[in-house]
Amino acid sequence: MFKIINLKDEPENLPTLASWHQQEWSHLNPGEDLAARISRMQPHLDGQLIPSTYIAKDDVLLGSAAIVKKDMIIEPQLTPWLASVDVGPENRRRGIGRQLVLHVMAQAQKGGIDRLYLYTPDKAEFYLKLGWSTLYQRPYHNLDVTIMQVQLDV
């Protein structure tokens, strides 16, 4: 059974997590190398809600999800965002991603956030099942992405 913890409580996982994120999403952050990504993720260790990252672990790191202020430079009016939802391929289909997303939603709600946003090129159905709704679709870094929101009861 896995547990979900705040990355700030196990900062030694930051380099591994940043490496995973770099492999998965470097095309969405053109020009950013691994060192820059690690540097950009450092504030997630400060203990604030925004930004924060939550990790799923058993004996090893399984996945992550984060709350960030901005996730799309072309959508500055939307804030805050669910971001960096990532579960390693060997651990998918175990409910880890679902639990990470629900955990972030609960943390946001506890923190007084009434709405979260996200964008996804290919996982809209996953988020719809978790109560998210589609705002619109638009191109972003040569991909068609779906921008979604969820209303949280605070």
Side-chain angles (χ1 to χ4, degrees), residues 2 4-9 13-14 17-32 34 36-56 61-89 91-154:
F2 64 91
I4 297 176
I5 59 173
N6 195 314
L7 179 63
K8 74 175 179 63
D9 296 325
N13 288 295
L14 176 61
L17 194 58
S19 177
W20 288 4
H21 292 180
Q22 185 69 11
Q23 289 173 359
E24 189 73 24
W25 298 303
S26 61
H27 63 286
L28 297 173
N29 298 288
E32 182 179 68
L34 179 58
R37 184 176 293 272
I38 290 171
S39 178
R40 184 166 52 89
M41 291 178 70
Q42 284 295 321
H44 292 243
L45 304 178
D46 292 343
Q48 302 297 313
L49 179 60
I50 301 174
S52 59
T53 294
Y54 300 90
I55 56 174
L61 186 62
L62 303 171
S64 69
I67 303 173
V68 298
K69 184 175 181 179
K70 303 279 185 209
D71 201 27
M72 291 182 82
I73 196 165
I74 62 172
E75 297 289 351
Q77 75 284 7
L78 304 179
T79 189
W81 294 75
L82 168 68
S84 303
V85 177
D86 187 27
V87 175
N91 289 301
R92 292 181 184 154
R93 304 268 183 231
R94 292 179 46 199
I96 298 167
R98 178 181 189 281
Q99 290 303 313
L100 281 162
V101 170
L102 293 174
H103 185 82
V104 167
M105 290 167 60
Q107 294 302 310
Q109 185 176 21
K110 284 182 202 169
I113 295 169
D114 64 352
R115 185 181 312 247
L116 283 173
Y117 299 92
L118 68 80
Y119 77 92
T120 179
D122 59 354
K123 302 287 189 240
E125 290 297 318
F126 170 77
Y127 294 105
L128 288 169
K129 291 175 185 173
L130 297 177
W132 293 72
S133 61
T134 299
L135 282 175
Y136 46 87
Q137 294 183 317
R138 70 169 305 159
Y140 188 58
H141 292 297
N142 299 316
L143 291 171
D144 288 325
V145 300
T146 303
I147 298 170
M148 305 181 81
Q149 68 177 357
V150 67
Q151 184 69 41
L152 305 171
D153 296 325
V154 283

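No hydrogens, no waters, no symmetry mates; every other heavy atom, side chains included, goes into these values. Residues: numbered from 1 along the sequence shown.
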Check: [Y] and [X] side chains under 4.5 Å, non-hydrogen atoms:
X	Y	value
D122	T120	yes
L78	R115	no
L34	Q22	yes
Q107	N6	no
V101	F126	yes

Test M105 against L152 for side chain to side chain contact (heavy atoms under 4.5 Å, CB included), laying out the working first.
-> CA-CA 7 Å; M105 290 167 60; L152 305 171; 4.1 Å; yes
For R98, salt bridge (Lys or Arg N to Asp or Glu O under 4.0 Å) partners two or more places apart | none
Residues in salt bridge (Lys or Arg N to Asp or Glu O under 4.0 Å) contact with R138, at least two apart in sequence or another chain | E75
Okay, side chain of T134, backbone of T146: is any donor-acceptor separation there less than 3.5 Å?
-> no
Main-chain N/O of D114 paired to Q151 side chain as donor or acceptor, under 3.5 Å = yes
Could you work out, with side chain to side chain contact (heavy atoms under 4.5 Å, CB included) as the rule, every residue matching [X], not counting sequence neighbours?
X	value
A83	V68, D71
R92	E24, D86, V87, P89
A106	none

Would you tabulate the side-chain donor-acceptor contacts of residues 42-52 under 3.5 Å, counting partners in other chains and residues two or more places apart, or write 'none'?
from : atom 1 : to  : atom 2 : distance (Å)
H44  : ND1    : T53 : OG1    : 2.7
S52  : OG     : L49 : O      : 2.7
S52  : OG     : Y54 : OH     : 3.4

Return the minimal non-hydrogen interatomic distance between [X] and [Y], and the atom names on each side.
X	Y	value
A56	I96	CB-CG2, 3.6 Å
L100	A65	CB-CB, 3.9 Å
I73	Y140	N-OH, 3.6 Å
S64	H21	OG-NE2, 2.8 Å
K70	W81	CA-CD1, 3.7 Å
Y119	M72	CD2-CG, 3.2 Å

Within a reach of under 6.0 Å around CD1 of I74, are more than 12 heavy atoms found that belong to other residues, nucleotides or ligands?
-> yes
